[in-house]
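The figures that follow rest on heavy atoms only: side chains count, while hydrogens, waters and symmetry mates do not.
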Amino acid sequence: YPTWKRTLTRRAREAQMNRFCKAQTIQRRLEEIEVTFRELEQQGIKLEKLLRDEDGTPADQKTQWMNQLLYLVQKKNSLMSEESDLMITVQELRVQELKLEEQQWQLDHKLRYYINMEESLKTPEDRVAEQEILAELVEVVNNRNVLIHIQEEKRLSEL
């Protein structure tokens with residue numbers, strides 16, 4: 001393999017690993033949300049039972065339990081919103097990444113055609129086309145970079 005082929009192969013593997021790591025991070029967070037849901041539901045069930053069963057308890061105690069229950073509901077709603085955002089993000093990112101990845105792959109193939117062509121056989125049109133494809137490829141790579149940067153910023157803001 002020439003150096004540029006090894007470089008493209010390595011970059012493709014790195015991009016695939018990055019996508020895999022992001023997917024794992026989102027999946028891990030979704031699992032954490034699910035576990036937290038279960039914990040909140042169990043706490044809510046206990047508080048509801050306390051509120052229903054304890055007729056002789058002071059009003060202050062009932063108010064405290066009610067506040068705790070409302071807090072749990074609020075926290076659960078917040079987690080549901082985060083889960084929904086994560087699912088939307090996953091879908092959007094997959095679509096965008098796939099489009100950009102496909103576009104980059106096609107441009108790579110076109111560029112390889114011109115790179116593999118003997119310099120002495122290239123016409124001025126071929127050289128112009130090669131430069132245009134290269135510029136387009138750089139733009140696609142920059143767009144993928146921006147997408148990754150946005151994803152990272154969103155992940156950090158969620159933390």
Side-chain angles (χ1 to χ4, degrees), residues 1-45 47-48 67-159:
Y1 271 171
T3 303
W4 65 271
K5 285 185 179 180
R6 285 192 307 260
T7 301
L8 289 176
T9 304
R10 181 178 45 82
R11 285 183 183 164
R13 277 194 314 261
E14 287 172 357
Q16 186 176 7
M17 284 303 296
N18 285 339
R19 284 191 305 278
F20 179 72
C21 289
K22 287 177 198 168
Q24 269 189 326
T25 301
I26 290 173
Q27 184 64 36
R28 204 173 306 123
R29 181 60 187 144
L30 288 172
E31 289 171 2
E32 289 171 0
I33 288 173
E34 186 177 328
V35 168
T36 306
F37 272 154
R38 282 191 232 119
E39 292 171 357
L40 290 175
E41 286 178 11
Q42 292 301 318
Q43 291 174 5
I45 290 169
L47 285 171
E48 281 185 50
N67 286 339
Q68 287 176 350
L69 187 60
L70 290 174
Y71 172 76
L72 292 177
V73 169
Q74 191 176 35
K75 189 165 182 152
K76 184 177 178 183
N77 287 340
S78 172
L79 287 172
M80 287 174 63
S81 174
E82 182 183 355
E83 181 181 42
S84 173
D85 289 346
L86 285 173
M87 295 305 286
I88 290 170
T89 300
V90 166
Q91 286 300 105
E92 289 174 349
L93 294 178
R94 283 183 184 158
V95 169
Q96 288 176 341
E97 278 188 62
L98 289 174
K99 283 181 182 177
L100 289 173
E101 187 176 336
E102 178 66 22
Q103 192 176 6
Q104 183 177 351
W105 182 81
Q106 289 174 355
L107 290 170
D108 280 341
H109 279 14
K110 288 179 184 178
L111 187 59
R112 283 186 204 141
Y113 168 76
Y114 288 109
I115 289 174
N116 288 333
M117 188 183 286
E118 286 290 326
E119 280 298 319
S120 60
L121 299 176
K122 286 185 186 177
T123 65
E125 292 83 19
D126 290 337
R127 287 185 177 88
V128 168
E130 182 179 1
Q131 290 302 314
E132 288 174 354
I133 291 171
L134 184 58
E136 204 175 332
L137 182 60
V138 167
E139 184 180 336
V140 168
V141 169
N142 286 337
N143 288 341
R144 287 184 74 187
N145 187 37
V146 166
L147 180 63
I148 291 168
H149 182 71
I150 288 170
Q151 292 170 349
E152 187 64 19
E153 281 183 0
K154 187 169 184 170
R155 184 186 69 79
L156 290 174
S157 70
E158 288 172 357
L159 292 177

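- By the salt bridge (charged side-chain N to carboxylate O under 4.0 Å, His left out) test, Glu136 is found to be paired with no residue, residues two or more places apart in sequence or in another chain being considered.
- Within a 6.0 Å radius of CE in Met117, other residues, nucleotides and ligands contribute more than 12 heavy atoms.
- Considering only residues two or more places apart in sequence or on other chains, Asn142 meets the side chain to side chain contact (heavy atoms under 4.5 Å, CB included) condition with Val138.
- Residues passing the salt bridge (charged side-chain N to carboxylate O under 4.0 Å, His left out) test with Glu48 are Arg52, sequence neighbours excluded.
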CA sep, side-chain torsions, deciding dist, call: Met87, Leu30, side chain to side chain contact (heavy atoms under 4.5 Å, CB included): CA-CA 9 Å; Met87 295 305 286; Leu30 288 172; 3.6 Å; yes
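- The CG atom of Leu134 sits 7.5 Å away from atom CD1 of Ile115, with the distance rounded to the nearest 0.5 Å.
- Sorted by first and then second residue, the ring pair (Phe, Tyr, Trp, His ring centres under 6.0 Å) pairs involving residues 87-109 (not counting sequence neighbours) are Trp105-His109.
- Smallest separation of non-hydrogen atoms from Leu47 and Leu72: CD1-CD1, 3.5 Å.
- Listed by chain and number, the residues in a side chain to side chain donor-acceptor pair (under 3.5 Å) with Gln106 are Glu102 (sequence neighbours excluded).
- Remark: Gln68 pairs with no residue by the side chain to side chain donor-acceptor pair (under 3.5 Å) rule, at least two apart or across chains.
- Residues passing the side chain to side chain donor-acceptor pair (under 3.5 Å) test with Gln103, sequence neighbours excluded: none.
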Report, one line per pair, each donor and acceptor closer than 3.5 Å where one atom sits in a side chain of residues 118-125; sequence neighbours left out.
from   : atom 1 : to     : atom 2 : distance (Å)
Glu119 : OE2    : Lys122 : NZ     : 2.9
Lys122 : NZ     : Tyr114 : O      : 3.0
Lys122 : NZ     : Glu130 : OE1    : 2.8
Thr123 : OG1    : Glu125 : N      : 3.4
Thr123 : OG1    : Glu125 : OE1    : 3.3
Thr123 : OG1    : Asp126 : N      : 3.1
Thr123 : OG1    : Asp126 : OD2    : 3.3

Determine all donor-acceptor pairs shorter than 3.5 Å in which one atom belongs to a side chain in residues 33-44; sequence neighbours excluded.
from  : atom 1 : to    : atom 2 : distance (Å)
Glu34 : OE2    : Arg38 : NH2    : 2.7
Thr36 : OG1    : Glu32 : O      : 2.8
Glu41 : OE2    : Lys76 : NZ     : 3.3

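- Side-chain atoms of Gln27 and Glu31, non-hydrogen and from C-beta on, do get closer than 4.5 Å to each other.
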